[in-house]
Structure formats: C-alpha cells, structure tokens
Amino acid sequence: MITIRVNNESHQLDVTDDMPLLWVLRDILGLTGTKYGCGVAQCGACTIHIDGIPARACQLPVSLIGDRHITTIEAIGNTKEGARIQAAWLQNQVIQCGYCQSGQIMAATALLRDNPNPTDDDIDDAMSGNICRCGTYVRIREAIHQAANNA
Amino acid sequence: MPKPRDIGAVLNRRAFFQGSLALGGGMLLSGMIPGLPGAQADTGGVFNPNAFIRIDRSGGITLIMRHAEMGQGIYTGIAMLIAEELEVDLEQVVLEAAPADPSRYTDSAAGEEVTGGSASTRDSWLPLRQAGAAARIMLVAAAAARWNVLPKSCAAQHGQIIHVLTGRTLSYGDLAEEAALQKVPEKIILKDPSTFRLIGTSPQRLDTKPKSNGTAIFGMDVRVPGMKIGRIMASPVQGGRLISYDSVAVRAIAGVVDIITLPDVIAVIGDHSWAAIKGLEAANPQWDPGPHAAVSTKILMDDLRRASDRTGLVAKNTGDVDAALAACSHQIDAVYELPFLAHAALEPINTTLHIRPDGADVWVGTQVPVRARQEVANATGLPPEKIAIHNHVIGGGFGRRLDSGSIGQAARLAKQISYPVKLFWTREEDIQQDQFRPFYYDRISAGLNKQRRIAAWKHRTTGSYVTTRWAPEGLQNGLDTDTVDGATETPYAIPAQRNESVQCEPEGLTTLWWRGVGPTHNIFVVEGMIDELAHLAETDPLDFRRSMLGHSPRGLKVLNEAASKSGWGTPLPAGHGRGIALHYSFQTWAATVLEVRVTRDNDIRLIWADTAVDCGPIVFPDAIKAQIQGGLIFGLTMALYNEITVTNGRVDQSNFHDYRMMRINEAPDIRVHLVPDLSADIGGIGEVGTVAAAPALANAIFAATGRRLRRIPFVPQIAGKS
Amino acid sequence: MKYFLLFFAVIMAISARSAQAQTDLIEQGKTLFRAADCAACHLSSDGQTLSGGKAFSLPFGTVYAVNITPDRETGIGAYTDEQWLRMMRTGVDRNERHLYPVMPYTSYTFLNDADTLAIKAYLFTLKPVQAKAPENRLPFPFNQRWVMTFWNWFNNPNRRMTTDPHRTPEWNRGAYLVEALGHCDQCHTPRNFMFGLSGKAYAGTVQVGWRAYNLTSDTEHGLGGWSDSELFEYLSTGYAPHRGPASGPMAEAIKNSLRYLPAEDIRAMIVYLRSIPARSNGPQRGKRVPGASGENEDVGRHIFQQACMGCHLENGAGRQSDWGALEGAHSLSDPAATNIIAVLRTGTSIKTEHGKMAMPSFTKAYTPQELTAISEYLLDHFGGIQAPIKPESFKN
C-alpha cells in the first residue's frame, strides 16, 4: 500500500511502485484533468505540482512521492495564483482544443508564484516545456502578463 | 475534404425542419458531452422544432451541435448563430453533441455529417440562423395564441416573449408545450445584420471554462462503470501480421485482464492504463512484416519522381502554355517538395466502447460520427441504429479524426469481450500509425515576358489522392481536385497556364487530409514561385504581386493591409528578412508578412507576423484571430521541422523528441487584422492561417539570406544537415 | 519388501538431495551470471533472450556477440564442462577458434572452476533459441583468428585468482567481484596498442563512444572524492546525490548486474576499489573564458528549456526523479563532452526499483548545430567550463 496526498486528500493505493502518478490520478482517482500527451516528459500535458513545484506526472513513479503534496488542475483554482491564471486564461480566450491547457495552467501558476512579474523571457523559460499543438503561445504570454498585472 | 460549395441553394427544408413533439428527445440525450454544459432531463412537453434546438418546460434551452469542437471555437460560433435568431443569451443555453444521424445532421453543403474543410461556419451561416428564427416564430405564435393577440405585437428577447403593449411576458419554457404544436413556418425572415447583438461580437467561449479547470471530458477521459483500459499496438509495418507474443510474461504484470488480437493487432487490457502499457511491453509481439518490409523514404521518393515525368490529368489549361514559355525572356524551372506529415494532435487516438449482443455505445471524439457508426456496424454486424456514438470534444483534430479506421479497429477488438473498454494508442502508436499528409512532388516552370510580367505558368503536382480512398465519388473525371486546390486559381492574372495532377500512392502508408489540405500544399509552391519570379524580375515582391491583382480587389486589399501593418519596405537590421504570401482559400482572402532573423549560426528566429484577413461576414472575430494565430504556428512548425520518414517499412519518428513541435520560446508574435467585405460570401477560417506559413517563411528566409528553400522542412537544410 | 522400501527411501533421499544441489547450483550460477554481466553483451536487441547479435564497433572492425542460449547448433548447448572452462579462460572455443577479447576471458580466467561451471549450469536451464550471430566484419590481418594466440601470450594472464592473505576477506571478495566477475577493467582501463589492457589500471578511457571514468583513488579524476555512501548508492541504484546518474553502458551494467548484488558485495567492491593506486588521468578541466558567451549559448539554453528541462530542471536538480539530476555529473566537466554527446546521440535507460528511467536520442529532430549548442550550454551552465564542441560529433 502506498499513501499519497492529492489536493488535500489522502489516498491509499494498491499499485506497483513503478506506476507513474499520471495513471494513478487518471485511472484510479478519476482526476482526468491531468492529461496523457507523450509519456516521456516532452509535452507537459501531465504537469502537476509536487509541493508547489511543477513536475511531469507521466515520469513520476508513485513510490517516489513520499509525503510530498500533489496538486492537480482540479484544485489549482483554490490557490491565489491558480485562480488568477485561470481567470486570465478565460479573459484572453487562450484555450483552443484545451488538451494541453491543464499543463499550461499548472506551469503558469508555478511561474507566477515564483515570479510575480515575469518578463517575456521568464515566460519563455518557464513555459517552453509545454507543447501546444493549437499554437496558443501568443495568448499564453498575454494571459500570464495580465494575471501578473492583476495581482 | 469535401469541397465547400455555396450554401445558398442547398437548404433542404424537408430534411431540415422536423417540427414535432419530442419523441426524439430521449435519443438526442445520448449525444451529451459530459463535462461541458450538459443536457437537461427530458421529462416530456419538450419543444423540439428542429434537429438543433430543444426547449423543455423548465426553460432549459439545449442547442445541438452537428460539428465537432476540436479547438476551433465552433461550438460558440454556431451557438451564436442559433441564439442570435432564437433571441436567447449564450448564458441561457447548454450545448450537446449531435448523435450520428444522417437524416438530421447531414451538412447539406458537405454531403454528410462532417467537420472539416473550414466549412462549419460557412455551412451553418444561413441554415442555423434559420433554425433559430423558425423556433422563435413558433414561440411567438404560441404566446400570441395564449394571449389571443397578433404575433406581430409580440417580441422575443432573452428567452422570453413579451407582449409589447402590455409588457406581459412568458418564458420559452412556459411556452414549450404549445410551441411544439405550432406549424413550422413556411417563410423565415432573418434579422437585419444591423440588429445583430451576438454575431460580430466576441463572447466568452462556451467550451473553455471546463477546459481550464480539468472538468472537460475528452474521449481519452471517458470513464464508464466497469470499464477496463487497453493499449493497442498494430503491426509496425503496414500489411504485417502478428506471429507470436509472450502471454506468460503479460499475465505476470499486475493488473492485466486480457490479451486480445486481430491478425495485425495486439491489445493488452488492464485495470488501468499502466497495466496495459507494461503488459504490451511484456508481450514483446513478433511480427511478420509482410510485403512492405523494404519500403523506405528513398524508394517512395524515387516512385514520385518517376511518376512526375508522366503527363498528368489536366486540371486547368488556358492559352498555349508551351508557346508562351518558349517566348519568355526569362524562365525558372523548379521542383518543390513537401514531406509526409503526422497530425500529432496532443490527444492520442482513443475509443471507448461497450459492445453488447443487442447494441453498442461508443464514446469517442470524431469529425465523422456517421462513418464512425458504420465502422462499428461493419465490425460487429450490429445495425447502425443500435449503435450510439457519443461524440466528445477533441484534443486537436487537424484532419486526423476525419478517419474512422481506428474506431473500426477498436470495435473489432472490443467485440471480443463483454465489458466496456477504453482502447488507446500511445503517442508512439499515434505518430507511427498515423495516416499521413501525402508527400507532394511539384514540378513548376514559369516565365516572364519583356515587361517582366508572368506570361506562362506550368505546374504539375504528383502525390497521393486522398479523395480516392475517402470520398471516391468526389473525384472529378478521376482528378482529385484537392491536389490542385490553390494552384489552378491563383490570385494573379496569368495569360497562359496549365495545371496537371499525377496520382502516385505511397506503398505501405495511408494518406489523409491535414490542416489546410490542398492550399497548404499548393500555396507553398505558388507563392514561393511568385517570389522567385519577382526576384528574377528585379522587382519588390509586394509590388510584383500588386501589379497582377487588377481583377482581385479583395486580394489587393488584404495584401496592402498586411504590408502596411508590417512596415513593409522599412529598413531591417542585418540578418533579418521579411516574406510575404497572399492566398485565397476556403473562400477567404488572406495575406501574411513574416519577419525572421537568421543568425550567423544559421539559427532561424521568427520575429513576428502580420496577417490581414477578409473572410466576408464575421461571426466571432476573436475566434478568427485565434485560428489565424494558431494556424500560422501549426504551419510554421511544419515548415521548420516536420517530416515523416520510413525505413524498412516502419516510420522512423515516434514521439516529440524526434517529431518536433514548436515551443513558446520559438513562437513569433502574431497580429491579425480583419478587413472584412461584409457583402461577400462568408469564408472559412480554421485552416487559413496554416496555408500561408511555409511560403511566408521561405520568402522571408530568402530575403534574409538569399537562400531559396523549395523543400520542407527548412531547419535541416539551413543547418546543412541534409 | 522392507529392504526394498528402505532402499527406495534412500534412493529418494539421495535424489532429493542431488536435486536440491542442482537447484542451488543453478541459483548460484544465476547470481554469478548477473555479477559477471554476461547480459550486457549477449542480450538480443529486443532485450528478451541471450541470443546475442549486438555489434561492437572496435578500432579494428566489427565483432558480434554470440548466442549463449543452450541451442546446440547456434548457441552453447554442445559445450562440455572441459570445453567451457577452456573457452572462459583462454578464449578458445570448442571449434578451436580464438575468440576476440571483446569477450572478457582475460577477466573470467580468474574465476574458479566451481563458479565458471555454475554459470554454465544456469545458462543451460534457459530456453534454447536458434539464432546465428552475424559474421564478424574484420579486415586482414584481424580476421586471422590465430593471431590471437600471440595476443594471448601478452595479454591473457590465464590463471585463477588466489586469496591474498595480507588482505581482509572483504577486500578479497571485492577483488574477485571487480577483477574476475565484474571485469570492470575491460571498460575502465586504457588499452594498449594491441587492444590489450595497459598498465594504467582503472585510469579511465573512452570505449565505444562513451567515457568510462577513472576508478582509481585520485581525488580529481577518480573516486578519491567520493564518499563510501555515494559509491554505494551509485553502484547499487545508478545515482548518487550531486554525482549525477549512470548512463549508457554503466547504466546497463547497473540494470543487468550491479543492482542485483547483495549489499555486502557492493561494500566489498568499494573496499577493493579504494585500494587501487591513484592515477591522475582524466579530461583536463576546461577554463571559463569570461565574455566568450555568444549566440550559440542562447540557442543551447533555448533548446535545453524546450526539450531537456521537463526532466532535468533548469538547475539540473532533476524534476521527477533523482535519475534526471545532472548536477555534479562527471560528464559535465569533460571538455570533450564525450558522454553528453553519446547520451544525446543514443539515449540511455536505467532500471530502478521505481521503474525504468529513460532518455531518448535527440538526433532526429535537432540539428548537429543545435545539439552542439546544448552540449556547450551544459558544459558552461553546469560545469562552468567553455569548450568548443564540433557539430560533426553528432553526425552519423
């Protein structure tokens, strides 16, 4: 049995040590907001927070989590920065197909928490690991700036 | 993709209006998209004036979407069209995906229930406003009857009918039952555009809130009680056969439930995806590669090159092109090449199915629900009407979900088991088993006369005919017009022109439409060649184009707009260059100017882009801008990086480390300028941005470096890799 | 009847004991087989069987790993014990052909009879696979196997290891593991002009495109600066904090061999490694050139952010797991960037108790110039050194 804490809830899991958190979230806990895009940490669609730091759930074995706290897209709106990012995302109509956007929002929230006033370069640095196939990058930049200004 | 036609004449009233008390309501419910604003419980007394609107007694207003939402914003755009005439606010409606039902949801312009060809808004512009207006007229009539007043003394607004004189109101819900008894109106007068309160505005999109908080349910996210999850792997070489696999090793993986196979496919099913993924790895399937084991990119290229020597089907022939060419003072003969491409949508292929002896439910994101249903019927022997297709929002389509073969594959697997199952492809499977945008090999010759104008133009394209497989009835005397779309009708006045098309199918690969279809292919060739000729004529590329646009005022307008907004002609720093491309595709005029910098290390940096667009009447301006921005990035990604290659019958690329996607730190700033001709026919937009990307980039790189690129992708060439 | 039953019981007891002994022998053989890391070379390309086929590009040609499943025709099924001992010690196979010293018989020669035969006993329990290794591709005179006779005079000690009474049993066990079974020197000792092991034992060298690091007690290049616990973690899991992860062939050695060793064996190896005299041999650390940072570095940083940071994090601390931690890795202070180039070219994969940790090759989607830029960025950013890398390093 492995115990993990997700969005302030504890879960006892009967899974193998090597199971990536992604599948625990999606298939066992039913938190399907975290997406499978590539499985090799190249696209960022599965980005979650582990003690507030963005990580790729597809490459994170559940046995490595320990007592660190997982936050997913379903609960990021409960954080100040998460709520601001989500609002800015809607206001700027960033989202197209939306499949990558959970990961984008998680990455952007972490950026804003670390750096309340990111420059374009800071945004590029923090967001380059997240692929958007619809090409919403121009608006992601705008939305992050807006969320920062609305602090 | 089916070619969009003018929609004016195609409205089929009888098929369209099916005013009835809602016997179909229960069936319509099956198309609900979990996670998006859902359907209300159907308790009878429902006003269901046509296939697109359902109003229940409690006031729930449901709009039924016959087009798939895959990011293009069509759910919002179409809801705006209906809501405009129905006189409801967007906040008042819930949306529901249409089921597979050709009798109700055939897009009459396209000829089937399909989303593609940048046609959704065009095909809905008139009929769906009429659907809303018809419902409104019936609601007004019902209220007038209740009050015993004249219908014209009543007005509809915000989901209510108001008796103007007395100020009495009745909500649509109050009127649902009586409205259903009203006669479907014979004559529908649409609102005057000057009174539009939704069309032309940019409301909050209706699909995006659930996409911002993880609650939207894509096909991949479907969870059905009792569902297991399986990973599919097909023979890595098309036409190969599964010889053996290690079932003992598979069964040793915790959580594995079943192994099911087809002659060329293996799927391992588990309690969760991880068991399925590990189980399939443990299976270590062995394949007989079959007849295409020797296929390589080089062989396919040689085939194309040879085929391109043949005379093709003539798609256009004006003037005596050979004589005109012979008379030219200057001439360019060129070969342009465009590689095979994967769609690489971020949501990999997946289908969830529950196949029972008496029927089936299928949860999937598809651009072609009726084809999807037929695939399942063919696989299971079930009658189509016993199969419910629950369509879902799609994590990127770009043409990929126009094919339903993966749904048939899933059905052939799922019919072997009794429980519901989600069957998915890994990213690797999604790229390697994709149906690829064809390789095109284009020979083109053009010449200038003494006045340095284009006098002759001869263009022969060679490549796969997707239409032959996808819609053979769409061939025109054997010609797949998609292969010459954008090539035959250029914006420019060219006195002698011949276009030919040669079909050459790649061995061992299946081809499919890809964002921008024919124009993405042909505009690269045409606009690249126009730039080459401008250079040959020692004329500024903008002026050269302008000089040939006498009969294309809308073309001239977008060209001038893009040029002036981009500061065309103003000096640039060393290493920078601007490229321009103009095109008319999907009934929309667009011009793009792109500025790039090429560093001393031959690194290509995209600085910014300006696109001017005239797509006729505008429904949702912000969505148009978003589609141009995203479409351009989609096309630039391809132009810089993408190419699917084959070795020993297998696709070499497998994931994003070897099939590269543009990232935010490479993306240019993109400004979109709308210069609509509101009196024109409405144009499409979803693919317009993609079309201009490669030619604008090639022309910009030429301006920056003097190097002419006629082959995609550019980065390996600029870097001197190949 | 009574006698008969007694007789029967005795027979049963004897056969049970011998069956038990046989099981023990096979189990011991499996342990030794892992410690000797035979799989490193003989595993088939799909990783499923020991049917060989792996190509070794050597300075004098290409040699292929043979099938060591007990198939009589294409594998080792026809070997007698005697033939087996001779092959493992002198490199002469049962058909009197000389093996090439890619097969580390110059190390296995130190193994005692019992251990050598236990390995055979284990291999004979595997499912026979019929698979003939491709013919070696060697030019004259290297294709003349008899030449190896002379080579062996100089390079094969051909003797069993004896216990050194002046050393602890732990040291002796470590020596047996490192020298005989683990054949660590085959990668970590520079080779002489004959492709034999030179006298610079464990001084580190480049093999098949990867740098095998200096294992001597030298503090700068070798293990002198490593603590016992760092070495223990690294050898048993493939990662030690601030030392980076094992990759390439070392990751495979850990995957197939070292992670199965009992803790006391790992500790014994450390004791032995500590006794190897220091040799200051290794890549000369490059120097930081102030202000030399150019446009290429910018490209490197950009690409690192896109394609690498998802696993490694900007500060190299590793995002999802320790095996993605670059910080402190040997490879980052090698101005030749040998292992950075190797890992970008071929990728790497390691098996851990938390599952497989893998990095793919990046040469298909990124140009040699871009990969050069990443490499230079890594050296500068993490190693604090500036060294020009040649784009040709990434061309095949």
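To find a chain, count down the sequence lines: A is the first, B the second, and so on, and within it residues start at 1. Worth knowing before you read on, the calculation uses all heavy atoms, side chains too, and leaves out hydrogens, waters and symmetry mates.
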Taking every heavy-atom pair that is under 4.5 Å apart, which of B/K625, B/M661, B/E347 has the most such pairs with chain A? B/E347
Is it the side chain or the backbone of B/T426 that comes within 4.5 Å of chain A heavy atoms, both, or neither? both
Residues in residues 77-91 of chain A that sit under 4.5 Å from chain B, counting heavy atoms only: A/Q86, A/L90, A/Q91
Heavy-atom distance under 4.5 Å to chain A: side chain of B/I664, backbone, both or neither? both
In Å, rounded to the nearest 0.5 Å, how long is the span from SG of A/C43 to CG of B/L346? 5.0 Å
Using heavy-atom distances under 4.5 Å, tell me whether B/N655 contacts chain A through its side chain, its backbone, both, or neither. side chain
On a heavy-atom basis, which atom in A/D27 and which in B/R223 lie closest, and how many Å separate them? O-NH1, 3.2 Å
Given side chains that start at C-beta, do those of A/R26 and B/D221 come closer than 4.5 Å, heavy atoms only? yes
Measure the spacing between CE of B/M220 and NZ of A/K35 and express it to the nearest 0.5 Å. 9.5 Å
Just jot down the side chain to side chain donor-acceptor pair (under 3.5 Å) partners of B/K422, sequence neighbours excluded, or say none. none
With only heavy atoms counted, which part of B/I229 is less than 4.5 Å from chain A, the side chain, the backbone, both or neither? side chain
Flag side-chain contact, heavy atom, 4.5 Å: B/H272 against A/M19: yes
Out of B/A344, B/G689, B/G396, B/A345, which one racks up the most heavy-atom pairs below 4.5 Å with chain A? B/A344
Please state whether the side chain, the backbone, both or neither of B/A275 comes within less than 4.5 Å of a heavy atom of chain A. neither
Which of the residues A/C38, A/G33, A/S102 is involved in the greatest number of heavy-atom pairs with chain B at under 4.5 angstrom? A/C38
Just how far is it from atom CD1 of B/I277 to atom OH of A/Y36, taken to the nearest 0.5 Å? 6.0 Å
Who wins among B/Q72, B/R515, B/H657, B/M227 for the most heavy-atom pairs under 4.5 Å with chain A? B/H657
What option among B/E666, B/M662, B/R663 has the most heavy-atom pairs under 4.5 Å with chain A? B/R663
With only heavy atoms counted, which part of B/W425 is less than 4.5 Å from chain A, the side chain, the backbone, both or neither? backbone
Name the option with the most non-hydrogen atom pairs under 4.5 Å to chain A; the candidates are B/D622, B/D669, B/I394. B/D622
Closest heavy-atom pair and its distance - B/F656, A/G37: CE1-O, 4.1 Å
Please find the pair of heavy atoms, one from B/S212 and one from A/I105, that lie closest to each other, and give the distance. O-CD1, 3.5 Å
Side chain, backbone, both or neither: which part of B/A626 has an atom under 4.5 Å from a heavy atom of chain A? both
Of the non-hydrogen atoms in B/Q627 and A/Q96, which two are nearest, and what is the gap between them? NE2-OE1, 3.2 Å
Chain B-proximal positions within residues 64-76 of chain A [heavy-atom distance under 4.5 Å]: A/I73, A/E74
Check whether any side-chain heavy atom of A/Q101 sits under 4.5 Å from a side-chain heavy atom of B/K211, and report yes or no. no
State the CH2-CG distance between A/W23 and B/D271, to the nearest 0.5 angstrom. 14.5 Å
Return the option, out of A/V15, A/V94, A/T34, A/I95, with the maximum number of heavy-atom pairs under 4.5 Å with chain B. A/I95
Between A/Q42, A/Q104, A/Q93, which has the largest tally of heavy atom pairs under 4.5 Å with chain B? A/Q93
Mind checking the CZ-SG spacing from B/F398 to A/C97? Nearest 0.5 Å is all I need. 6.0 Å
Under a 4.5 Å cut-off applied to non-hydrogen side-chain atoms, are A/V40 and B/E428 in contact? yes
For residues 120-144 of chain A, give me every residue with a non-hydrogen atom less than 4.5 Å from any non-hydrogen atom of chain B. A/I123, A/D124, A/M127, A/S128, A/G129, A/N130, A/I131, A/R133, A/C134, A/G135, A/Y137, A/V138, A/R139, A/I140, A/R141
Highest number of heavy-atom pairs under 4.5 Å with chain A: which of B/A254, B/G631, B/P348? B/P348
Considering only heavy atoms, which portion of B/M70 lies under 4.5 Å from any heavy atom of chain A: side chain, backbone, both, or neither? backbone
